[in-house]
2 protein chains.
Amino acid sequence: MIGDPRQRRRLLDAFPFLHGTPEEFRAEVFAQVTLVRLPVGQLICHDGAHCAQLPLVLTGTGRVYKLGENGREITLYRVHPGESCVVTTSCILSGRAFPAFAVCESAVEAVVVRPAEVRRWMATSEPWREYIFGLIASRLQEVFGVLDAVLFQRLDQRLMAYLLGLRETASGRDIHMTHQALAVELGSSREVISRVLKGLESQGLLRTTRGLIELLDIPALELRTREG
Amino acid sequence: MIGDPRQRRRLLDAFPFLHGTPEEFRAEVFAQVTLVRLPVGQLICHDGAHCAQLPLVLTGTGRVYKLGENGREITLYRVHPGESCVVTTSCILSGRAFPAFAVCESAVEAVVVRPAEVRRWMATSEPWREYIFGLIASRLQEVFGVLDAVLFQRLDQRLMAYLLGLRETASGRDIHMTHQALAVELGSSREVISRVLKGLESQGLLRTTRGLIELLDIPALELRTREG
DNA sequence: CGTCCCTTGGTGACAAAGTCACTGAATCGC
DNA sequence: GCGATTCAGTGACTTTGTCACCAAGGGACG
């Protein structure tokens with residue numbers, strides 16, 4: 001239960017779709033939901049687990065990834081404030097095991113919903129349904145995109161595209177990330193990432209130093225991600 | 001609209017969950033739904049398309065696959081009688097573009113549902129919701145499984161596992177399938193499949209002739225798919 | 001300040017998989 | 001039977017993953 005008006009306000013702000021719901025539904029949400037805080041690195045769900053509740057993220061981000069037997073891993077998608085892990089939702093609604101791992105990438109504040117309420121609201125609340133379906137579809141597309149990238153795209157292209165994508169979020173042209181972290185994002189291995197980065201460096205497209213990648217020729221990088 | 005009692009019977013038999021629904025809901029389904037027949041090879045949905053209706057398969061099977069720029073492709077899952085393509089569902093419910101291709105692998109009879117009804121029934125019918133959620137979750141797991149296989153498993157293992165899986169459906173130990181078809185299933189290329197098959201053949205595990213693969217040592221094959 | 005240790009990245013050799021160009025063999029339609 | 005098409009085999013090469021090992025950078029701490 002969430003009583004504090006400040007916390008209620010934060011919940012409404014993080015999940016705008018709630019504004020479109022009737023007063024009684026919001027009251028129901030406040031009554032049924034619990035606030036939790038999870039530290040960095042906290043494992044939320046592991047492969048094969050059955051999900052006991054659905055977390056709706058208020059602050060922080062979660063990372064959902066696949067882990068191979070050999071230790072390699074790949075990030076499937078992230079769960080940001082205002083979102084929830086729909087794979088969890090689908091597991092709850094169907095009673096199946098979770099097919100991946102989920103971990104707190106930063107400290108996470110979330111409200112958790114019990115499976116019974118998740119199901120009930122699907123029946124009673126149109127906005128809740130819309131919210132969940134939107135998330136399911138967008139995740140599905142992200143995962144399909146990952147599959148496409150892994151199968152059909154060359155690693156140098158994927159790497160360049162990823163670095164360019166980061167640049168929009170990060171400050172300037174400097175990317176603070178280790179080769180290992182990049183490998184985990186793209187589902188590759190550190191050695192290969194190092195090799196590819198060295199190739200790009202020798203073409204003058206970027207510069208690497210310990211823990212830092214500096215994009216030098218952004219227009220050229222953008223060109224190469226588009227072409228073959 | 002489906003009036004013919006025979007057709008109504010067939011629909012109920014293909015979708016057992018309908019038996020658990022009230023009389024009025026079944027009447028609604030019969031009233032809103034249209035029967036279609038699609039020939040082999042008919043493209044149902046292409047990448048980037050917006051889905052105009054949801055097909056529920058009565059007979060035949062559809063194949064959903066990803067196609068790369070280079071022409072390579074990979075089968076994601078199949079839609080059998082009693083199922084529907086949930087990616088389509090999710091596209092309909094969220095208004096997003098379809099992120100893959102769907103094609104009739106054999107002649108398909110299906111009933112199609114308009115998006116408005118798909119959405120409405122999500123609100124009004126508990127069994128319909130359960131049916132859709134079950135499908136979404138099972139597909140999600142299949143796609144996650146494909147991703148896992150592609151990223152973390154060796155091709156020879158995947159190939160052996162696939163062949164063994166076929167054996168259960170097919171008759172005896174003979175598998176009638178071209179190398180190209182196997183490549184499409186596993187997201188590889190014909191040449192590589194040929195190479196791997198030759199390797200397995202030289203180990204005495206199977207024998208290949210044009211369009212046919214004969215599994216010789218099934219216990220050994222099963223062993224190898226389990227080990228590293 | 002120096003030592004230890006952990007993280008990060010570099011390297012070379014090899015294996016697995018994908019690509020390309022070309023060949024030959026089996027099969028089908030007529 | 002004959003030509004076209006489908007199916008499979010091959011070799012050379014590239015890309016990617018794996019393994020083992022090394023070296024540099026940077027903290028923790030006495």
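Each chain gets a letter, A, B and so on, in the order its sequence line appears, and its residues count up from 1.
We find that CG of A:Asp156 is positioned 8 Å from P of D:dT15, with the value rounded to whole Å. Per the geometry, CE belonging to A:Met160 stands 12 Å off P belonging to D:dT15, to the nearest Å. When the P atom of C:dA16 is taken as reference, atom CD of B:Gln153 falls 16 Å away, rounded to whole Å. Distance CG (A:Leu159) to P (D:dT16): 10 Å, rounded to an integer number of Å. Separating the CZ atom of B:Arg158 from the P atom of C:dA17 is a distance of 9 Å, rounded to the nearest angstrom. For the pair A:Leu182 CG and D:dT16 C1', the computed distance is 16 Å after rounding to whole Å. As a whole-Å value, the separation of B:Leu197 CG from C:dA16 P is 16 Å. Straight-line distance from the CD1 atom of A:Ile74 to the P atom of D:dG17: 10 Å, rounded to whole Å.
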Test salt bridge (Lys or Arg N to Asp or Glu O under 4.0 Å) on B:Glu214 and B:Arg173; report intermediate values, then the result.
CA-CA 6 Å; B:Glu214 188 179 354; B:Arg173 53 186 58 204; over 6 Å; no

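Put simply, the side chain of B:Ser94 never gets that close to the backbone of A:Phe133: no donor and acceptor are under 3.5 Å apart.
The closest side-chain donor-acceptor pair between A:Arg63 and A:Thr75 falls under 3.5 angstrom. If you check the side chains of B:His179 and B:Ser194, you find a donor sitting under 3.5 Å from an acceptor.
For the pairing with B:Phe101, the side-chain contact (heavy atoms from CB on, under 4.5 Å) check across B:Ile44, B:Asp47, B:Leu76, B:Val64 returns one residue only, B:Asp47.
Contact annotation: B:Ser194 side-chain N/O to D:dG9 OP1/OP2 distance is under 4.0 Å. In this structure, B:Lys198 does not reach the D:dA8 phosphate: none of its side-chain N or O atoms is under 4.0 Å from OP1 or OP2.
Closest approach to the B:Glu191 side chain among D:dG9, D:dT10, D:dA20 is made by D:dT10 (side chain taken as heavy atoms from C-beta onward). When the nucleotides D:dG9, C:dA26, C:dG18 are ranked by their closest atom to the side chain of B:Ser188, C:dG18 comes out on top. Out of C:dT19, D:dT10, D:dG9, the shortest distance to the side chain of B:His179 is found at D:dG9.
Using a 4.0 Å heavy-atom cutoff across all strands shown, A:Thr178 reaches sugar-phosphate atoms only and no base atom.
Remark: the B:Arg195 side chain and the D:dT10 base include no donor-acceptor N/O pair separated by less than 3.5 Å. Judged by distance alone with a 3.5 Å cut-off, no donor-acceptor contact links the side chain of A:Arg154 to the base of C:dG18. In the interface, the side chain of A:Arg190 is paired with the base of C:dG9 through a donor and an acceptor atom under 3.5 Å apart.
Nearest-nucleotide mapping onto DNA chain D: of A:Arg210 and A:Asn70, the residue sitting toward the 5' end is A:Asn70. Between A:Leu151 and A:Met177, the residue anchored closer to the 5' end of DNA chain C is A:Met177, taking for each the nucleotide with the nearest heavy atom.
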